[in-house]
Each structure stands twice: as C-alpha cells, then as structure tokens.
*Asks:* 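Mind having a look at this structure? Questions to follow.
In this text, all values refer to a predicted model and were calculated from it rather than measured experimentally. In what follows, chains are A, B, ... by sequence order, proteins preceding strands, each numbered from 1.
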2 protein chains.
Amino acid sequence: MALEHAILVSLLEKPGSGYELARRFDRSIGYFWTATHQQIYRVLKRMESDGWVEVREVSQQGKPDKKHYSVAPPGRSVLSAWLHEPIEPESVRHDLAVKIRGAAFDDPSDLIRQVERYQQIHSERLTHYLAGEQRDFTGPEAPAEPDAMQELQHVVLRGGIAYERMTLAWLDDVLATLHRIRAARADGRPDC
Amino acid sequence: MALEHAILVSLLEKPGSGYELARRFDRSIGYFWTATHQQIYRVLKRMESDGWVEVREVSQQGKPDKKHYSVAPPGRSVLSAWLHEPIEPESVRHDLAVKIRGAAFDDPSDLIRQVERYQQIHSERLTHYLAGEQRDFTGPEAPAEPDAMQELQHVVLRGGIAYERMTLAWLDDVLATLHRIRAARADGRPDC
DNA sequence: CTTGCCTATGCAACGAGTTGCATAGAGGAT
DNA sequence: ATCCTCTATGCAACTCGTTGCATAGGCAAG
C-alpha cells in the first residue's frame with residue numbers, strides 16, 4: 001500500500017490539512033494516485049499515531065478550524081525506505097479495454113458514442129496539462145532555474161502529457177475499428 | 001466493479017475453467033485487468049448462483065476434475081447492459097510517479113537503478129506484445145479475414161503496444177532528469 | 001525416493017477502497 | 001427566508017482485493 005507514501009510526498013512538497021490534501025488528490029497528484037477524503041483522513045490519523053506526521057490545530061476566521069499536518073523525521077525515514085524498495089509492476093484495470101473486447105458480442109453503436117465522449121475527456125485533460133505546464137514550467141512566469149522538486153514534478157507532468165497524446169491517437173484507432181465493424185455488420189456480414 | 005464483466009467477456013471469447021481464466025488473467029487479459037485465482041473462483045461461484053454462467057464438471061485423465069464454465073443468457077444480458085453504461089474514468093495508481101516526486105527528498109541514485117530495471121521490464125513486455133501481434137494478427141499464420149472479435153482484440157493489443165512505446169520514451173526522459181539532478185547535487189548544489 | 005512443479009479448487013483473515021451519511025458555521029443566490 | 005455551496009472533519013457499513021494456507025494426484029528431475 002502506498003497511499004501513506006503519496007501523502008508523505010505531498011506533505012513534503014507542501015504541508016497542509018487533510019482537506020487540502022484531498023483537494024490535491026482531485027488535481028495534480030490525483031492524475032496518478034486517486035484517493036477520497038475518507039481514505040486520507042483515516043490514513044492521516046494512523047500516520048499521526050505512528051509518529052510519521054505532526055499536527056497543529058489552526059484557527060481560521062470565517063472557516064472551521066483545521067489540522068495542519070507536516071512530516072516528522074520518522075515519516076521521512078519511512079518514505080526513504082520505501083523509495084529504496086524495488087518498483088512493483090502496476091496493477092491496471094482498464095474498463096475501456098474490456099468494453100472494447102465485449103463489443104464483439106454486442107452492437108458497437110453505443111460504444112462508439114461513449115468512446116467519443118471519452119476522447120473528449122482526454123482531450124480536455126491534455127489541454128489542462130499543457131496549460132499547467134505553460135504556467136508552472138515553460139511559460140514566462142515560470143522559474144528560470146527550477147529546483148529538483150520542480151524538475152521532478154515537470155517530468156511526471158510530461159509523462160501525463162505523453163499518456164494523453166498516446167491515448168487520443170489510440171482512441172482514433174479504436175473508433176475507426178468500431179466503425180469498420182459496424183459497417184461490416186450492416187452489410188449483412190455479422191462475423192461473430 | 002467490473003471483474004464479473006471481464007470474466008464474461010473472456011468466457012464469451014472462449015469458455016473454460018476458473019483455472020484457465022486465471023491463466024488468461026496472467027497473460028492477455030491481465031495486461032489490462034489483473035485478478036488472482038482467489039478472486040476469480042469467488043466471483044465465478046457468485047455468478048453461477050446468480051445464473052450468469054453455467055457449469056459442467058469435466059473429468060480428465062492424469063489431471064484433477066475441472067469445472068467448465070460458459071456464459072448463460074442472463075449473463076449475456078448483464079454484459080450487454082454494462083456495455084451500454086457510460087465509461088467511467090479510470091482510477092490510476094502509479095507507484096513510479098509517486099517515487100519520482102519523492103526523489104526530490106532523497107538520493108536519486110537508487111531510483112535510477114530501479115527505473116532502469118523497470119525500463120527493461122517494459123522493453124520485454126513490448127517485445128512480447130509485438131511477437132503476439134505477429135503471431136495472431138499480422139504474420140503469415142494469421143487469418144486473412146479476421147472477424148470482429150479478432151479485430152477488437154487486435155486494437156486493444158495495439159493500445160498496449162502504444163502504451164509500452166510511450167512509457168519507454170518517457171522513462172528515458174525520467175532517467176535523463178534524474179541524472180541531471182544527481183550531477184547538480186554532486187556539484188554542491190543541493191537545490192531542495 | 002524425495003523434492004519440487006503443474007493442474008485444479010478452495011477457506012479464512014485481513015487490509016484497502018467505496019458509499020452513504022452526519023455535523024457545522026460562513027457566504028452567496030433566488 | 002430558504003436553499004445551495006464551500007470549508008473541514010469524521011463514523012459506520014460494506015465490498016473488493018490480497019496473502020497465507022490447504023488439499024491432492026500426476027509428473028519429471030536429481
């Protein structure tokens with residue numbers, strides 16, 4: 001399990017509350033590690049009782065109090081140890097791939113519409129990534145000499161951009177294939 | 001949850017036992033949907049009691065008996081209904097991206113070695129995919145006029161190939177970035 | 001002849017992830 | 001006035017996924 005480690009990295013990059021972490025897991029970190037606020041609160045509590053993070057209650061005007069978390073030395077050691085462990089193969093779960101193969105046993109028309117919608121989502125995500133890259137790394141507002149943290153954030157973002165571009169190209173391929181199959185079926189060649 | 005649906009698709013492509021399914025989830029299907037044999041047996045049992053699949057006990061010589069599963073009409077309906085549901089955004093969990101961002105707070109040397117190993121795994125996977133494509137779809141042994149099922153299997157495989165190529169290129173980028181940071185640190189510019 | 005691997009299925013316990021709900025004050029919209 | 005949204009935290013119940021272990025016959029290598 002690595003949610004703890006994702007939280008440690010995020011808190012090292014910038015300390016904050018559970019709520020703030022949950023927001024980040026909706027945005028930047030969420031693009032490669034999803035987590036709900038429930039998970040985050042639960043894990044933060046455990047990490048606190050294990051001494052990995054330190055808490056400080058912060059009063060705010062007009063808003064509820066919050067618990068400000070930062071990484072304690074034992075947490076840093078835990079993260080360091082984890083970083084030295086071998087990288088495990090990712091366990092993937094691609095709904096879409098299952099649906100595509102399932103389309104052999106169903107009318108593909110509906111799937112075509114869904115793939116088009118899916119393509120649009122990825123297209124928007126790519127635009128979003130590129131805007132973020134411009135803003136934080138390559139634009140005129142970006143730091144001239146980025147530090148290690150920023151360089152590493154950038155290379156992860158470049159990975160996201162490459163992934164979205166690859167996905168969009170593949171989805172074109174998928175759509176072409178689905179159209180071909182539908183046309184063949186309409187021609188009275190139900191080849192399954 | 002979609003393991004049921006992945007199993008239904010796999011059984012429609014070719015009926016078989018839980019063990020055989022588990023093998024497939026180590027190979028072709030496993031490249032986009034991971035599952036252990038425990039999960040498969042448990043879900044198959046539930047699917048059987050829900051009438052989604054039919055079982056037939058098969059005696060074998062020299063091997064234990066097996067339970068041969070095939071999709072029953074209700075299972076087909078369930079799959080069809082699921083195929084018409086909108087595609088949900090995938091919930092990703094990329095250890096590697098977390099580790100890369102974590103490298104800002106640690107010595108990157110170890111991570112470099114791990115990324116190189118990881119790169120090799122993906123390189124081997126790409127080779128394996130390409131061999132499978134040659135064997136089943138583009139080589140001389142492949143069917144001249146593939147049916148819908150084969151065309152869809154092929155387009156999913158092309159997705160896997162595109163993914164591996166993209167990943168390998170990105171890992172080069174990651175390695176270059178890690179080397180740059182290590183060099184900067186060695187020069188006495190610990191920029192974090 | 002014993003150790004280990006392959007086929008084949010399964011239980012039990014645990015840990016991780018999801019979903020629904022609850023609280024509670026501040027601010028804006030209708 | 002009332003409803004909705006945002007900040008901020010949390011419980012409880014449930015499902016899903018993982019890990020370790022168990023059985024059991026056949027086969028091959030040492």
Side-chain angles (χ1 to χ4, degrees), chain A residues 1-8 10-11 15-27 29-30 32-50 53 55-69 82 85 88-95 98, chain B residues 1-7 11 15-27 29-30 32-50 53 55-69 82 85 88-95 98:
Chain A
M1 137 79 157
L3 176 55
E4 286 110 327
H5 306 116
I7 288 176
L8 285 171
S10 193
L11 286 178
S17 69
Y19 188 83
E20 281 160 4
L21 280 172
R23 308 268 80 198
R24 291 183 218 168
F25 277 82
D26 284 340
R27 314 185 86 261
I29 308 170
F32 53 88
W33 201 279
T34 54
T36 62
H37 77 274
Q38 323 285 3
Q39 266 178 284
I40 291 164
Y41 284 127
R42 194 202 278 151
V43 171
L44 271 177
K45 188 159 281 186
R46 190 174 63 226
M47 288 167 79
E48 189 201 330
S49 72
D50 289 348
V53 293
V55 201
R56 198 164 41 84
E57 296 255 350
V58 178
S59 305
Q60 301 177 111
Q61 67 267 41
K63 291 176 188 175
D65 293 1
K66 66 173 181 180
K67 295 183 177 176
H68 189 90
Y69 289 92
W82 178 72
E85 280 173 28
E88 293 158 61
E90 331 256 296
S91 70
V92 283
R93 252 127 226 212
H94 290 303
D95 269 59
V98 179
Chain B
M1 137 80 156
L3 176 55
E4 285 109 329
H5 306 117
I7 289 175
L11 285 180
S17 70
Y19 188 84
E20 280 160 6
L21 281 171
R23 309 268 78 200
R24 290 184 217 168
F25 276 82
D26 284 340
R27 313 186 87 264
I29 307 171
F32 53 89
W33 201 280
T34 54
T36 61
H37 76 275
Q38 325 284 4
Q39 267 179 283
I40 291 164
Y41 283 127
R42 196 203 276 152
V43 170
L44 270 178
K45 189 160 280 186
R46 190 173 63 228
M47 288 166 78
E48 189 201 330
S49 72
D50 290 348
V53 291
V55 201
R56 199 163 41 84
E57 297 254 351
V58 179
S59 304
Q60 301 176 111
Q61 67 268 42
K63 292 176 187 176
D65 292 1
K66 67 174 182 177
K67 297 183 175 176
H68 189 89
Y69 289 92
W82 178 72
E85 279 174 29
E88 293 159 61
E90 331 256 297
S91 72
V92 283
R93 251 129 224 209
H94 289 303
D95 269 61
V98 178

*Asks:* Using whole Å, what does the distance between atom C1' of nucleotide dT18(C) and atom CG of Leu3(A) come to?
*Replies:* 14 Å

*Asks:* 5'-most contact on DNA chain C: Lys63(B) or Lys67(B), nearest heavy atom basis?
*Replies:* Lys63(B)

*Asks:* Nearest whole Å is fine: how far is dC16(D) P from Phe25(B) CZ?
*Replies:* 15 Å

*Asks:* Nearest whole angstrom, please: distance from the C1' of dC6(C) to the NE2 of His37(B).
*Replies:* 13 Å

*Asks:* NA contact type, Ser17(A), heavy-atom cut-off 4.0 Å: base, sugar-phosphate, or nothing?
*Replies:* sugar-phosphate

*Asks:* Could one point to a donor on the side chain of Gln38(A) or the base of dG10(D) with an acceptor on the other under 3.5 Å away?
*Replies:* yes

*Asks:* Check the phosphate of dT9(D) against Tyr41(A), side-chain N and O only, distance under 4.0 Å to OP1 or OP2. Yes or no?
*Replies:* yes

*Asks:* Determine whether Trp33(B) and Asp95(A) satisfy the following criterion, side chain to side chain contact (heavy atoms under 4.5 Å, CB included), listing intermediate values before the conclusion.
*Replies:* CA-CA 8 Å; Trp33(B) 201 280; Asp95(A) 269 59; 3.6 Å; yes

*Asks:* Between dA8(D) atom P and Leu21(A) atom CG, what is the distance in whole Å?
*Replies:* 12 Å

*Asks:* If you look at every heavy atom in Glu4(B) and Met47(B), which pair is closest and at what distance?
*Replies:* O-CE, 3.7 Å

*Asks:* Are any of Thr36(B)'s side-chain N or O atoms less than 4.0 Å away from OP1 or OP2 of dG17(D)?
*Replies:* no

*Asks:* Can you see which heavy atom on Gly16(B) is nearest to which on Glu20(B), and at what distance?
*Replies:* CA-OE1, 3.1 Å

*Asks:* I need the CD-C1' distance between Glu88(B) and dT18(C), as an integer number of Å.
*Replies:* 12 Å

*Asks:* Please report the distance, rounded to the nearest Å, between CG in Asp65(A) and C1' in dT23(C).
*Replies:* 14 Å

*Asks:* Of the options dT18(C), dT18(D), dA8(C), whose atoms approach the side-chain atoms of Gln60(B) most closely?
*Replies:* dA8(C)

*Asks:* Is any NZ, NE, NH1 or NH2 atom of the basic residue among Glu48(B) and Lys67(B) found under 4.0 Å from an Asp or Glu carboxylate oxygen of the other?
*Replies:* no

*Asks:* Can you name the nearest heavy-atom pair linking Leu21(A) to Ser10(A), along with the distance?
*Replies:* CD2-OG, 3.5 Å

*Asks:* Rounded to whole Å, how long is the line connecting atom OH of Tyr69(A) with atom C1' of dG10(D)?
*Replies:* 11 Å

*Asks:* Mind calculating the distance between CD (Gln39(B)) and C1' (dG20(D)) to the nearest angstrom?
*Replies:* 15 Å

*Asks:* Please determine if a side-chain N or O atom of Arg42(A) lies less than 4.0 Å away from the OP1 or OP2 oxygen of dG17(C).
*Replies:* no

*Asks:* Can you see if the side chain of Tyr19(B) gets near the phosphate of dT7(C) - specifically, an N or O under 4.0 Å from OP1 or OP2?
*Replies:* yes

*Asks:* Tell me whether the OP1 or OP2 atom of dG10(C) has a side-chain N or O from Lys45(B) closer than 4.0 Å.
*Replies:* yes

